[in-house]
*Asks:* 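Before I ask anything, here is the structure I am working with.
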2 protein chains.
Amino acid sequence: MSRIVKGPLQRLRKDIPLPLYYQLKELIKHQIETKAFKPHDRLPSEIELSEVYGVSRMTARRALVDLENEGFVYRESGRGTFVAEPKLRQGLRRLTSFTEDIKARGMVPGAKVREVELVSDEHVAQKLNVDATETLVKVQRVRLADNLPLALETSYLIHRYCPEIEQSDFTNISLYKVLNEQYGIYLGKAEQYLEAKSAGPLEAQVLEIEEGKSVLLMERTTYLDDNETPIEFVNSVYRSDRYRFYVELKAG
Amino acid sequence: MSRIVKGPLQRLRKDIPLPLYYQLKELIKHQIETKAFKPHDRLPSEIELSEVYGVSRMTARRALVDLENEGFVYRESGRGTFVAEPKLRQGLRRLTSFTEDIKARGMVPGAKVREVELVSDEHVAQKLNVDATETLVKVQRVRLADNLPLALETSYLIHRYCPEIEQSDFTNISLYKVLNEQYGIYLGKAEQYLEAKSAGPLEAQVLEIEEGKSVLLMERTTYLDDNETPIEFVNSVYRSDRYRFYVELKAG
DNA sequence: TTATGTCTACTGTATATACAGCTTATCATT
DNA sequence: AATGATAAGCTGTATATACAGTAGACATAA
């Protein structure tokens, strides 16, 4: 015996300060990520969503438009809203960890930890917009893809925000995951620079290439979700024969 | 004797199929670019704009929200809408020409045309998703910043879409501008790859560096505004001592 | 002096409504 | 069998309205 439910599903909470359009957006995003909606499936129309979740059409619309801007769906006038291909969801300058990046390229990521220590460094402190004497956590890892060395990655975190993080074993654990799950730190934007340079002795050794070979240097400053406070500075040196950086740009 | 104008300025045209919010957005963008509004100036409030231009508050709002998403302004709840720093307007995944890019970095862009000819090339044809025999326009230029060689840029266009474009002089003219103004071609997305490599003989010569030095290779495929049809393939080799690539990533 | 409240202006969220424009399917007509 | 009209369903644009939340300025009270 099933109970017939009329009206809204009431899965959105109107008693919390999270906007309805945001709750609906996250709910649909979750359904896409868990494959409840598959690529190129048509999502419910704006009117259907508004009826099912008990919001106005304009609110449902806002959720769909935001999802489109984030690359999760594409919309066609007169036809409907459809789930985008996963590859289109990447590429758009989304901030990804090494692990995510390599997985998306169809390889198996790995790491060998070379060094985890507390340091202070004037140059890095400047990038992180803190005092030169501020204690930093330095994590240096050789990054592997399919068990072959791909990059030498040196991360610096502000110790104050994540005390005792130096106790963690970073061989199999994503740094971003630890920040998120253990310290409740959410990331916002990242600024990233790419340039070409020649491999130095250390880089040549750990990457197993000749000294002087061209390598890709990536410098990244990661910010908290306020997009103002730097939390991490990363210096990564990639083997150029095994890695190239990809980014998708939009006109406008 | 001046005529007193009451009510809307009527600078927006309601008789053409361009949406009002779009017209207003472009108008404000133009005022920002021509410095009528300077960085950190407060723009008129949503209500002021709606009164001045004779649209509803929600329409004015849409223009401002879009401008924020494009990085031209930043909005603060309870305070207003402000013009963003130029540097913040870049970086965000916007597709830019060499000319725009260099100007944004505060240098004077230039070009020396090395070659403009009709060719066919199997490898490039594949990137452009056309038949290997398709006629392509090859434009090779040495790109200058402050009169110093910065990059060797080789563009390939599909001749069918822009016949006779090979007659143009590309020394001082942006390729994208010609596509837009002469052929009515609007660009959508671009896919871009970056890698490090060693300079070959030609590159060393035109960039005035030693052969074998590390250089940054950028490959770009540009698409029409349908985001499906490739229109251009560009191969650019940058001097690594004078250029590094910047991109801003968002979490989420 | 230092809080504390109040007022005002602004952005943020949400609803209801209307009509235009596009796409697809259906059905009637030639 | 091809053509054309029509209707239904969808997104896109636009307006009007309401109230919540935030920030700054200013006056007032402890």
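Chain letters run A, B, ... following the sequence lines, proteins first, then strands; residues in each count from 1.
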*Asks:* Cation-pi between B:Lys138 and B:Tyr156: NZ/CZ under 6.0 Å from ring centre and within 45° of the ring axis?
*Replies:*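 No, B:Lys138 and B:Tyr156 do not form such a contact.
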
*Asks:* Whole Å only: how far is the CZ atom of B:Phe82 from the P atom of D:dT22?
*Replies:*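 These atoms are roughly 17 Å apart.
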
*Asks:* Taking CG from A:Leu43 and C1' from D:dT11, how many angstroms apart are they, rounded to a whole number?
*Replies:*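 Interatomic distance, CG of A:Leu43 to C1' of D:dT11: 13 Å.
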
*Asks:* Check the phosphate of C:dT23 against A:Ser77, side-chain N and O only, distance under 4.0 Å to OP1 or OP2. Yes or no?
*Replies:*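 Negative; the distance criterion is not met.
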
*Asks:* Counting only side-chain N and O atoms of A:Ser56, is one of them less than 4.0 Å from OP1 or OP2 of C:dT15?
*Replies:* yes

*Asks:* Side chains of A:Tyr223 and A:Glu191: is there a donor and an acceptor less than 3.5 Å apart?
*Replies:*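 Their side chains do contain a donor-acceptor pair, which is all the 3.5 Å distance test asks for.
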
*Asks:* Salt bridge or not for A:Lys29 and A:Glu26, using N-O below 4.0 Å?
*Replies:*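 A salt bridge links A:Lys29 with A:Glu26.
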
*Asks:* Tell me: CD of B:Glu46 to C1' of D:dT22, nearest whole Å?
*Replies:*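 Rounded to whole Å, this separation is 14 Å.
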
*Asks:* Select base, sugar-phosphate, or nothing to describe what A:Leu20 touches, counting heavy atoms under 4.0 Å on all strands.
*Replies:*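 Sugar-phosphate, backbone atoms only, no base.
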
*Asks:* For A:Glu166 and A:His159, test the side chains for any donor-to-acceptor distance below 3.5 angstrom and give the result as yes or no.
*Replies:* yes

*Asks:* Quick check on C:dT24: is either OP1 or OP2 less than 4.0 Å from any side-chain nitrogen or oxygen of A:Arg79?
*Replies:*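 So the side chain of A:Arg79 is within the cut-off, an N or O lying under 4.0 Å from OP1 or OP2 of C:dT24.
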
*Asks:* Does OP1 or OP2 of D:dA18 have a side-chain N or O of B:Arg57 closer than 4.0 Å?
*Replies:*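 No.
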
*Asks:* If only side-chain N and O atoms of A:Tyr21 are considered, is one of them under 4.0 Å from the OP1 or OP2 phosphate oxygen of C:dA14?
*Replies:*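 Answer no for this pair, as no side-chain N or O of A:Tyr21 is under 4.0 Å from OP1 or OP2.
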
*Asks:* Nearest whole Å is fine: how far is C:dT13 P from A:Leu24 CG?
*Replies:* 14 Å

*Asks:* May I ask you to say what A:Arg62 touches in the nucleic acid, namely base, sugar-phosphate or nothing, with a heavy-atom cut-off under 4.0 Å?
*Replies:*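 The answer is sugar-phosphate, as A:Arg62 gets under 4.0 Å only of primed atoms, P, OP1 or OP2.
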
*Asks:* What is the distance, to the nearest angstrom, from the OH atom on A:Tyr22 to the C1' atom on C:dA14?
*Replies:* 18 Å

*Asks:* Should B:Glu134 and B:Arg160 count as an ion pair when the cut-off is N to O under 4.0 Å?
*Replies:* yes

*Asks:* Specify the separation, in whole Å, of atom CG of A:Leu64 and atom C1' of C:dA14.
*Replies:*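 For the pair A:Leu64 CG and C:dA14 C1', the rounded distance is 16 Å.
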
*Asks:* For B:Met58 and for B:Gly80, find the nucleotide of DNA chain C with the closest heavy atom, then tell me which residue's nucleotide is more 5'.
*Replies:*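 Closer to the 5' end of DNA chain C: B:Gly80.
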
*Asks:* Verify the contact: side-chain N or O of A:Thr59 to OP1 or OP2 of C:dT13, cut-off strictly under 4.0 Å; return yes or no.
*Replies:* no

*Asks:* When the distance from CD of A:Glu68 to P of D:dC10 is rounded to whole Å, what number comes out?
*Replies:* 17 Å

*Asks:* What is the distance from CG of B:Leu67 to P of C:dT11, rounded to the nearest Å?
*Replies:* 13 Å

